[in-house]
Amino acid sequence: MEKTLSIIKPNAIEDNNIGNIISRFEKEGLRIAAAKFTHLSKEKAEGFYIEHKERPFFGSLVSFMTSGPVMLMVLEGDNAIMKNREIMGATNPEEAAEGTLRKLYAKSLEANAVHGSDSPQSAEREVSYFFDTNEVLGRF
């Protein structure tokens, strides 16, 4: 069973789409192995997006991700990383396929509704960044 991190971003929370997004994951065969609702601190958001620190959008991204609560989840299933990325759609909602979460719920490139790990290495790092081992069903 592969695990991946999923974040429902502030815009999707504000628009009351948590249930729609979770339902979609479950319908597509992904199981929620851990979940928590939180408001990211500036420090936590900066640490999570550290690989983008030198990019011009870093400050704006951190500001957006700390603008409201987020839903952090560990999704698990066969090929969970790839399946989650297919469900989310392209990072840019204008390029996302019809029916994907970003096509349905994103407001912009930055406010694109959801985040998902892009590789097994990222998934392991991202899950452990937000969750202690005892908070996740099963083992990573």
Side-chain angles (χ1 to χ4, degrees):
M1 279 290 170
E2 189 173 65
K3 289 182 172 51
T4 188
L5 183 78
S6 174
I7 302 175
I8 301 177
K9 295 182 178 183
N11 67 293
I13 302 280
E14 183 180 325
D15 293 344
N16 204 29
N17 284 310
I18 301 168
N20 296 330
I21 292 169
I22 290 173
S23 176
R24 178 68 180 278
F25 289 141
E26 291 178 333
K27 203 172 357 177
E28 298 283 345
L30 294 173
R31 177 176 169 240
I32 298 171
K36 57 179 143 182
F37 212 21
T38 191
H39 197 127
L40 297 178
S41 67
K42 181 179 182 208
E43 294 74 27
K44 195 75 169 174
E46 286 176 340
F48 182 70
Y49 288 110
I50 194 72
E51 68 219 33
H52 300 302
K53 187 162 181 61
E54 302 306 318
R55 301 249 174 109
F57 61 81
F58 180 74
S60 175
L61 176 60
V62 168
S63 180
F64 167 67
M65 290 299 291
T66 59
S67 68
V70 296
M71 181 76 158
L72 304 168
M73 295 181 292
V74 178
L75 303 176
E76 81 174 359
D78 292 331
N79 299 313
I81 295 166
M82 179 74 77
K83 188 175 282 190
N84 182 37
R85 296 193 66 76
E86 289 171 2
I87 294 165
M88 289 189 308
T91 302
N92 183 343
E94 292 179 12
E95 298 169 4
E98 289 299 324
T100 61
L101 296 177
R102 289 178 171 150
K103 190 66 159 186
L104 293 168
Y105 306 119
K107 291 184 172 178
S108 67
L109 180 59
E110 186 172 82
N112 64 1
V114 287
H115 165 86
S117 304
D118 63 5
S119 69
Q121 296 78 17
S122 292
E124 189 168 350
R125 179 184 64 80
E126 292 177 357
V127 167
S128 65
Y129 187 78
F130 288 116
F131 292 92
D132 293 331
T133 309
N134 66 339
E135 294 178 301
V136 181
L137 298 175
R139 293 185 164 263
F140 200 89

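Nearest heavy-atom pair across A12 and A113 is CB-O, 3.8 Å. Here the closest non-hydrogen pair linking F131 and A34 is CE2-CB, 3.7 Å. Nearest approach of V136 to K3, heavy atoms of both residues: CG1-CE, 3.6 Å. Scanning all heavy atoms of the two residues, the minimum distance from E110 to F57 falls at OE2-O, 4.5 Å.
Using a 4.5 Å heavy-atom threshold, the side chains of D78 and K83 count as separate. Residues V70 and P10 form a side-chain contact, since some pair of their non-hydrogen atoms from C-beta on lies under 4.5 Å apart. Taking 4.5 Å as the limit, some side-chain heavy atom of I81 sits within range of a side-chain heavy atom of P120. For the pair T4/V74, no side-chain contact is recorded, criterion being any heavy-atom separation below 4.5 Å from C-beta on. Between T91 and R102 the shortest side-chain heavy-atom distance falls below 4.5 Å.
E51 CD: more than 12 foreign heavy atoms inside a 6.0 Å radius.
Between atom OG of residue S67 and atom CG of residue L40 there is a gap of 9.5 Å, rounded to the nearest 0.5 Å. Note that CG of L109 and CD of E95 are 8.5 Å apart. Values are rounded to the nearest 0.5 Å. Rounding to the nearest 0.5 Å gives a distance of 5.0 Å between CD of E98 and NZ of K103. Separation of atoms CE (M82) and CG (N84) is listed at 11.5 Å; rounding is to 0.5 Å. Going from atom OG of S6 over to atom CD of E126 covers 10.0 Å, rounded to the nearest 0.5 Å. Rounded to the nearest 0.5 Å, atoms OG (S41) and CE (M65) are 11.5 Å apart.
Other members of the hydrophobic cluster containing L104, listed by chain and number, are I8, I13, I18, I21, I22, F25, L30, I32, F37, M71, M73, L75, I87, M88, L101, Y105, V114; membership follows side-chain contacts under 4.5 Å among ILVMFWY residues, whether direct or relayed.
Sorted by first then second residue, the salt bridge (Lys or Arg N to Asp or Glu O under 4.0 Å) pairs that include residues 6-20, not counting sequence neighbours, are D15-K107.
Using modelled atom types and a 3.5 Å distance limit, the side chains of S63 and S60 yield no donor-acceptor pair.
A donor-acceptor distance shorter than 3.5 angstrom exists from the side chain of R85 to the backbone of G116, with no hydrogens or angles considered. For E76 (side chain) and A33 (main-chain N/O), no donor-acceptor pair under 3.5 Å exists by modelled atom type. A donor-acceptor pair under 3.5 Å is formed between the side chain of S128 and the backbone N or O of E124. In this structure a side-chain-to-backbone donor-acceptor pair under 3.5 Å is present from T66 to V62.
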task = Test side chain to side chain contact (heavy atoms under 4.5 Å, CB included) on R31 and L137 and set out the steps.
result = CA-CA 10 Å; R31 177 176 169 240; L137 298 175; 3.2 Å; yes

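Here Y49 pairs with nothing under the ring pair (Phe, Tyr, Trp, His ring centres under 6.0 Å) rule; sequence neighbours left out.
Annotation: cation-pi geometry not satisfied between K36 and F130 (NZ/CZ under 6.0 angstrom from ring centroid, within 45° of ring axis).
F48 and H115 have perpendicular rings, their planes meeting at more than 60° on a 0 to 90° scale where under 30° would count as parallel.
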